[in-house]
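Taking it in order: structure first as structure tokens, then the write-up.
Chain letters run A, B, ... following the sequence lines, proteins first and then strands; every chain starts at 1. Bear in mind that the values here come from a model prediction, so they are computed numbers and not experimental data.
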Amino acid sequence: MAPVRDRRTGFSRRRQYGVFLGYVLAVAGVVVGAALLVLSAFDPPLFAGFRMAAATVTTPVSSVLATGGRVIASIPEAISDHFAVRARNGAMAEQLKAQAAVLTRARVIAYDNRRLRALLGLRDRARTPVVTARLVSSTATSGRRFALINAGRFEGVRPGMPVLGPAGLVGRIVETGPNAARVLLVVDPESIVPVRRTRDGAPAIAAGRGDGSLDIRSVYTTNVRFRTGDLFVTSGTGGLYPPGIPVARVTRPGADTVEARPFSTPDTLDFATVEAPFMPIPAEPGR
Amino acid sequence: MIPPVAAKPFAEPLPPGRARAIPWASVVAASAITAVPVIATVPLMPPAGLLMLLAWRLLARFSLRPWAAAPLGFWDDLVSGQPLGSAVLLWSLCFLAIEAVEARMPFRTFWHDWLIAGAASALCLIGGRLIAVPWAAPVGPLLAAQVVATVLCFPLAARAVAWIDRRRGPHA
């Protein structure tokens, strides 16, 4: 392609100054960008208002698109359901029969549990769901793992609330707008969740790696062994996440720090429940 | 052979204001592609806004002002999940770098443009990773995959830009 010779401004002072000002502004863009970056590094929630204003516009669009996607995705499902319903019915009846004994045992255990807790005088904190919404979009181009849910301040969603999916912990709310809220997913490289092993209650920390999996780090300094298939649930430490929510399963054995796969693979087909923080968030000093 | 004729040869060209707004609108719309209802657990989607911006800059030099990268990057930061200022900085640097390359390499083919856009978008993605994600995060292979996807998507962006630019008319 031949070069465009429009760089010449001729004798028009106005044109010369205009071109010069354009380049000055271009360099100013770099400076402003660097300044904004420094500000956001020191105070990440500083620009939450701008971000959530944009999300207020994009979230309804995403919601409509997600609904359309669900309708399309449900068509092949409906067809396969139609043909597979008998076979699946039989399989489910078998499964029900096989699990009847386990269910009875679980009922006995649950009853025992209630009775013993009453004996001990334990008081459980009730979990209070705030709203059930859908994850509608995510930051698919950035290394950070945020998602937007289509419920916000109007529905009572506030920053700091945990978000739960059908399979396990999804993340927590970091920013809220009137009709949308931003969720920090557990796989985000800056997300940290206190967990414990289901087998023996060993405490650990589940930190996001940024590549779709989690790091399970032992909080003991001693040599803690992790086995493949170890299950980790939230411990309730810190008071943000309610205890006992499934978080991750260890994928390869190791000591002290191992890789784990999160239970919840959030998509737009599932609901996400926003709950109030397990313990009330203390008021910030000076506010 | 009959030369190709525009469908409406006597149609009025777009008014200048709208013709100038179209490149901006297309980059804004491309940035907003993060609104598609997909919950990604890994970042693999190419930054469509950046690709559109580079395509406009390289294929239609005067469609965007030299300072347009900063406001467009501001919008991209709002919807992309990067810390605010990341795209403002990186996109502005891209514009300045392209300006410098253009001064040394005025005669370019599409392959040159592709090379320049590929290098610019790769540097933007790597810069964005350094800005947003902690050093220790093992996201190298994913980043490489995203860079490859982005470089391969540039011809699509260039096609889209060429199509819009043709519709925009010769006087824009």
Side-chain angles (χ1 to χ4, degrees), chain A residues 1-4 6 19 22-30 32-41 44 46-47 50-51 53-55 58-59 61-63 65-66 69 135-148 182 185 187 189-190 208-212 262 265-268, chain B residues 32-48 59 61-62 65-67 69-71 73-75 77-93 95-96 99 102 106-110 113 128-129 131-134 136-139 141-143 146:
Chain A
M1 194 174 70
V4 195
D6 259 20
V19 169
Y23 287 113
V24 170
L25 286 174
V27 175
V30 177
V32 169
L36 285 175
L37 257 185
V38 170
L39 284 177
S40 5
L46 184 63
F47 300 110
F50 288 121
R51 270 194 292 272
T58 61
T59 304
V61 178
S62 306
S63 302
L65 290 176
L135 298 164
V136 291
S137 68
S138 69
T139 56
T141 60
S142 162
R144 300 299 305 276
R145 304 263 50 85
F146 292 110
L148 285 172
R182 188 177 290 265
L185 301 177
V187 291
E190 293 191 3
R209 284 160 57 98
D211 64 349
T265 47
D267 62 26
T268 55
Chain B
I33 205 161
T34 49
V36 294
V38 174
I39 308 298
T41 46
V42 289
L44 285 178
M45 192 187 273
L59 298 184
R61 159 121 177 46
F62 293 101
R65 307 276 181 209
W67 46 267
F74 186 82
W75 164 254
D77 279 336
L78 292 184
V79 292
S80 76
Q82 290 281 108
L84 195 79
S86 138
V88 177
L89 174 68
L90 294 171
W91 291 17
S92 298
L93 285 176
F95 259 42
L96 292 180
E99 199 77 46
E102 205 165 49
F107 288 91
R108 298 193 309 267
T109 63
F110 178 72
D113 283 344
R129 180 250 178 269
I131 289 169
V133 181
V139 292
L142 284 172
L143 188 70
Q146 195 187 11

Do you know which two heavy atoms are closest between A/R144 and B/V133, and how far apart they sit?
-> N-CG2, 4.4 Å
Salt bridge (Lys or Arg N to Asp or Glu O under 4.0 Å) involving A/R209 - partner list, sequence neighbours excluded | A/D211, A/D215, A/E259
Quick one: are B/F74 and A/V32 in side-chain contact, heavy atoms under 4.5 Å?
-> no
Mind ranking A/S62, A/G208, A/A41 by heavy-atom pairs under 4.5 Å with chain B and telling me who comes out on top?
-> A/S62
Between A/G210 and B/L142, the two heavy atoms sitting closest are O-CD1, 3.9 Å
Heavy-atom contact with chain A under 4.5 Å, split by part of B/A69 | neither
Closest heavy-atom pair and its distance - A/S142, B/S80 = CB-O, 3.2 Å
Give, for atom CD of B/Q82 and atom OG1 of A/T139, the distance between the pair rounded to the nearest 0.5 Å.
-> 8.5 Å
Side-chain touch A/L37/B/S86, heavy atoms, less than 4.5 angstrom = yes
B/P46 versus chain A, heavy atoms under 4.5 Å apart: side chain, backbone, both or neither?
-> backbone
Here the pair of heavy atoms bringing B/G81 nearest to A/F146 is O-CE1, 3.6 Å
Check each atom of B/L93 against the heavy atoms of chain A and say whether the ones under 4.5 Å are side chain, backbone, both or neither.
-> both
Among A/A140, A/S63, A/G29, A/S40, who wins on heavy-atom pairs under 4.5 Å with chain B?
-> A/A140
Could you grab the distance from atom CG of B/L89 to atom CG of A/L36, nearest 0.5 Å is fine?
-> 9.5 Å
Reported OG1-to-CD1 distance for the pair A/T58 and B/I33, which is rounded to 0.5 angstrom = 13.0 Å
Portion of B/I131 that has a non-hydrogen atom of chain A nearer than 4.5 angstrom = side chain
Atom pair CH2/CZ of B/W75 and A/F50 - distance to nearest 0.5 Å | 13.0 Å
Turns out that what part of A/A34 lies under 4.5 Å from chain B's heavy atoms comes down to both
Heavy atoms of A/A26 and B/S92 approach each other most closely as O-CB, 4.2 Å
Answer with side chain, backbone, both or neither: which region of B/A137 has an atom nearer than 4.5 Å to a non-hydrogen atom of chain A?
-> both
Taking all non-hydrogen atoms of both residues, which atom of B/L78 and which atom of A/R182 are closest, and how far apart?
-> O-NH2, 3.8 Å
With respect to chain A, which residue among B/P47, B/P134, B/A70, B/A48 yields the maximal number of heavy-atom pairs within a distance under 4.5 Å?
-> B/P134
Contact origin within A/V30 toward chain B - heavy atom pairs under 4.5 Å | both
With only heavy atoms counted, which part of B/L84 is less than 4.5 Å from chain A, the side chain, the backbone, both or neither?
-> both
